[in-house]
Protein chains: 2
Amino acid sequence: MPKKTHRIARRTEALSRERIVAAAIDILDAGGEGALTVRALAGRLATGSGAIYWHVADKNELLAAAADEVIARVITAVAGSKEPQEAIRAIALGVFDAIDAHPWVGSQLFREPWRPATLEIIESVSGQLHALGGPRAAQFNSVTALLHYILGVAGQNAANARLVAPGTDRSAFLGSVAARWTALDPAKYPFVRQMAAQLRDHDDREQFLAGVDLILAGIAAVR
Amino acid sequence: MPKKTHRIARRTEALSRERIVAAAIDILDAGGEGALTVRALAGRLATGSGAIYWHVADKNELLAAAADEVIARVITAVAGSKEPQEAIRAIALGVFDAIDAHPWVGSQLFREPWRPATLEIIESVSGQLHALGGPRAAQFNSVTALLHYILGVAGQNAANARLVAPGTDRSAFLGSVAARWTALDPAKYPFVRQMAAQLRDHDDREQFLAGVDLILAGIAAVR
DNA sequence: ACCTGAACACCGTTCAAGT
DNA sequence: ACCTGAACACCGTTCAAGT
């Protein structure tokens with residue numbers, strides 16, 4: 001039986017960084033950040049916990065690599081030749097949708113600004129802003145403003161996803177937050193109370209794009 | 001000795017939610033999020049770990065209460081009668097500075113959008129936007145855009161604070177990130193590379209305000 | 001070179017028992 | 001009513017031992 005080891009290697013494929021990251025993404029998507037434990041990962045890969053550490057430095061690096069992977073897919077997907085403003089909207093929306101689908105990416109984006117995930121976003125946005133023209137200092141301001149806005153929405157979405165019970169739908173969640181807002185002391189929170197209805201009825205994607213457009217309008221105004 | 005229990009009660013003051021939250025803020029400020037463990041907190045308060053849970057539901061609630069406290073102080077501090085635009089800048093800068101001083105607040109702000117911390121910010125900003133006038137739908141867009149931008153910067157600052165070794169200063173950190181950016185592949189990241197110098201030399205507060213102004217310009221433009 | 005899995009040093013939280 | 005602290009059920013990470 002000279003092919004025996006060969007067969008075994010085929011059945012339980014050799015561990016690799018790629019397989020580990022892919023399994024991590026699956027676990028994160030299925031159960032959120034809390035579900036990704038080294039033991040769960042090792043179990044799904046049918047190996048020992050220690051084996052993970054041969055391919056990956058620690059859990060932090062694993063989380064970062066998983067987020068990099070998801071964002072890289074987005075950026076390549078939206079790459080295309082459009083008008084700068086439209087391209088920026090597409091990039092922003094791509095990131096938004098990716099975080100909507102994988103909320104754990106939202107919390108990851110904040111760590112280590114030199115990671116590919118953030119870098120890809122900065123690079124593609126600033127490429128478009130460059131095409132738009134204007135002085136270099138203004139461009140730096142514009143990229144960081146857009147990036148921070150996107151990150152802010154990303155983080156908020158990730159946090160919301162952590163809060164809503166897996167079964168409940170988005171509008172039920174918004175409805176309950178709106179109800180809380182309505183129940184606030186009118187003397188202390190008059191404006192928040194007034195906004196409750198809009199909170200309840202708004203569409204997240206539209207709202208996100210409205211913010212992008214607001215910033216783009218600002219960029220156009222100061223240019 | 002009828003006053004004995006009295007004396008003891010005076011020396012080791014009775015536990016209370018306020019004392020616990022105050023001690024938590026101290027620990028968080030001194031050692032960051034990682035330093036706040038229930039055991040550390042109990043130790044500092046000279047009590048058992050279980051005692052904490054008599055006054056506070058769990059660690060999450062404790063973190064949230066600590067953040068609420070810090071933000072509430074900011075909002076009351078910047079309250080004053082100024083021009084709306086200037087007031088918004090003051091509120092934003094107040095939040096920015098608070099998170100600069102207490103980075104752990106940055107990560108907390110994302111959780112639970114009905115918590116006082118976020119509510120205070122929304123209320124005060126939207127009060128000023130109301131004074132600025134314009135249609136109600138546009139005002140909702142404006143508040144959320146500003147809030148998400150502020151949250152984005154907050155989260156990024158908190159993440160950076162977690163990364164820099166407690167001793168290193170800000171400019172050394174920026175220098176090292178800028179060096180990484182410069183070392184990137186020019187074919188893959190031409191624009192990021194170009195921005196490295198600006199990243200190195202920028203001032204965080206100015207940069208933050210430039211973003212606020214960009215959004216305010218956008219708000220003025222679409223009104 | 002790569003993998004195993006027990007062991008280590010932690011966590012947050014609970015709860016019988018005390019005062 | 002409030003506090004104690006041991007105990008429980010977890011973590012991430014390490015490392016001697018195997019192949």
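Labels below follow one simple rule: chain letters A, B, ... track the order of the sequence lines, proteins then strands, and each chain is numbered from 1.
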Q | SB check B/Lys188 A/Glu120 (cutoff 4.0 Å) | A | yes
Q | A/Ile27 CD1 - D/dC11 P separation (whole Å) | A | 12 Å
Q | Duplex segments of DNA chain D, taken as runs of at least three Watson-Crick or G-U pairs that stay under 3.5 Å | A | C:4-8 with D:12-16, C:12-16 with D:4-8
Q) When you check the gap from the basic side-chain N to the acidic O, do B/Arg44 and B/Asp26 get nearer than 4.0 Å? A) yes
Q: For A/Tyr189 and A/Thr182, indicate whether the former's side chain and the latter's backbone hold a donor-acceptor pair under 3.5 Å.
A: no
(Q) Tell me whether A/Arg39 contacts the main-chain N or O of A/Ser49 through its side chain, where contact means a donor paired with an acceptor under 3.5 Å. (A) no
Q. How many Å lie between CG on A/Leu45 and C1' on C/dC3, as a whole number?
A. 13 Å
Q) Are any of the side-chain heavy atoms of A/Ile150 and A/Leu109 separated by less than 4.5 Å? A) no
Q: May I ask you to verify if any side-chain N or O of B/His55 is less than 4.0 angstrom from the OP1 or OP2 atom of D/dA1?
A: no
Q: Could you state the atom-to-atom distance from CG of B/Leu62 to P of C/dC11 in whole Å?
A: 15 Å
Q | Protein-nucleotide distance (A/Trp54, atom CH2; C/dA1, atom P), rounded to Å | A | 6 Å
Q | Euclidean distance, atom CD of residue B/Glu33 to atom C1' of C/dC11 [Å, nearest integer] | A | 15 Å
Q. Distance-only, no hydrogens or angles: does the B/His130 side chain make a donor-acceptor pair with backbone N or O of B/Ser126 under 3.5 Å?
A. no
Q.
Generate the contact string for nucleotides 12-19 of chain C. Rules: B means base contact, S means sugar-phosphate contact only, - means no protein heavy atom under 4.0 Å.
A. BBBB----
Q) Which value, rounded to the nearest 0.5 Å, describes the distance between A/Thr118 atom OG1 and A/Ile71 atom CD1? A) 8.5 Å
Q: Verify, without hydrogens or angle tests, whether B/Glu33 (side chain) and B/Trp104 (backbone) share a donor-acceptor contact under 3.5 angstrom.
A: no
Q | Atom-to-atom span, CD1 of A/Ile20 to C1' of C/dC3 - whole angstrom | A | 11 Å
